[in-house]
Amino acid sequence: MPWDQEAYAEAVLALVERVPRGRVTTYGAIAEHLTGLGLPRGPRTVGRVMSLHGGGVPWWRVVRADGSLPPSHGDEARAAYLEEGTPLRGTGRVDMPAAYWQPR
DNA sequence: ATCCTGACGCTAT
DNA sequence: AATAGCGCCAGGA
């Protein structure tokens, strides 16, 4: 039986909603967290969920593990970072040690 | 089954 | 910093 994508998508979105203003988390971190909750999927699957259903949550607070942004995030995300005071490193890159929020 | 394509991650160059 | 290769998970043709 196929895995419950509906439940997984809900879990991902619920988690993204908990990322505080000015902080970010990663696709991989979300995947690992949910794996711990008994929903074993990979980072790519999280990215897929965001691509399809991320519209209703703070999608700009989810970045790659190295702090770089998926091209799809665009300038919209950068504007949001300046607005929320997200720690940045250079242009269009997040200062991970400072901004990383561990899913909990 | 096979091939291609992603809002990924890691290592090597 | 940028690029390339490979592993990975899912979905579509």
Side-chain angles (χ1 to χ4, degrees):
Chain A
M1 117 127 201
W3 57 287
D4 191 340
Q5 7 182 341
E6 184 66 29
Y8 192 76
E10 286 302 313
V12 170
L13 299 179
L15 199 49
V16 173
E17 284 178 347
R18 308 227 302 273
V19 181
R21 259 181 79 86
R23 312 277 308 284
V24 300
T25 191
T26 72
Y27 299 94
I30 292 171
E32 287 179 20
H33 179 77
L34 296 184
T35 291
L37 295 183
L39 297 171
R41 307 260 83 74
R44 312 208 58 163
T45 303
V46 174
R48 174 178 240 303
V49 169
M50 290 307 287
S51 172
L52 298 173
H53 318 288
V57 298
W59 50 267
W60 59 90
R61 295 179 193 155
V62 185
V63 302
R64 292 186 182 141
D66 64 357
S68 64
L69 281 54
S72 52
H73 276 46
D75 301 314
E76 173 87 13
R78 276 167 275 237
Y81 296 149
L82 294 180
E83 193 180 40
E84 340 184 313
T86 305
L88 299 178
R89 202 181 55 180
T91 309
R93 197 116 158 171
V94 177
D95 182 352
M96 286 310 272
Y100 180 62
W101 177 80
Q102 175 76 45
R104 53 189 171 76

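Naming convention: chains lettered A, B, ... in sequence-line order (proteins, then strands); numbering from 1 in each chain.
Closest non-hydrogen pair, A/T86 versus A/G22, comes out as OG1-CA, 3.5 Å.
Pairs passing the salt bridge (charged side-chain N to carboxylate O under 4.0 Å, His left out) check and including a residue from residues 57-68 of chain A, sequence neighbours excluded, read A/R61-A/E84. The ring pair (Phe, Tyr, Trp, His ring centres under 6.0 Å) contacts involving residues 61-80 of chain A comprise A/W59-A/H73, where partners must be two or more places apart or lie in separate chains.
The side chain to side chain contact (heavy atoms under 4.5 Å, CB included) check on A/R48 picks up A/L52, with sequence neighbours excluded. Residues meeting the side chain to side chain donor-acceptor pair (under 3.5 Å) test with A/E76, sequence neighbours left out: none. By the side chain to side chain contact (heavy atoms under 4.5 Å, CB included) test, A/D95 is found to be paired with A/P87, A/R89, A/P97, A/A98, residues two or more places apart in sequence or in another chain being considered. Residues that satisfy the side chain to side chain donor-acceptor pair (under 3.5 Å) test with A/Y100, not counting sequence neighbours, are A/Q102.
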Return a table of donor-acceptor pairs under 3.5 angstrom between the side chains of residues 5-15 of chain A and protein atoms on other chains or two or more places apart.
none

Name the atoms and distances for all side-chain donor-acceptor pairs under 3.5 Å in residues 24-36 of chain A, with sequence neighbours left out.
| residue | atom | partner | partner atom | Å |
| --- | --- | --- | --- | --- |
| A/T25 | OG1 | A/W101 | O | 3.1 |
| A/T26 | OG1 | A/A29 | N | 2.9 |
| A/T35 | OG1 | A/A31 | O | 2.9 |

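Listed in residue order, the members of residues 42-70 of chain A having a heavy atom less than 4.0 Å from DNA chain C are A/G42, A/R44, A/T45, A/R48. A heavy atom lying under 4.0 Å from DNA chain C marks none of the residues of residues 19-37 of chain A. Contacts between residues 94-102 of chain A and DNA chain B, defined by a heavy-atom separation below 4.0 Å, involve no residue at all. Shown for residues 3-14 of chain A: residues whose heavy atoms fall under 4.0 angstrom of DNA chain C, namely A/W3, A/Q5.
At whole-Å resolution of the value, CZ in A/R93 and C1' in C/dA2 are 10 Å apart.
Using a 4.5 Å cut-off on side-chain heavy atoms (C-beta onward), A/V63 and A/S68 make no contact. The shortest side-chain heavy-atom distance between A/M50 and A/V57 falls under the 4.5 Å cut-off.
For the C1' atoms, the distance linking B/dA7 with C/dA13 amounts to 22 Å, nearest Å.
To the nearest 0.5 Å, atoms CG (A/L39) and CG (A/D4) are separated by 8.5 Å.
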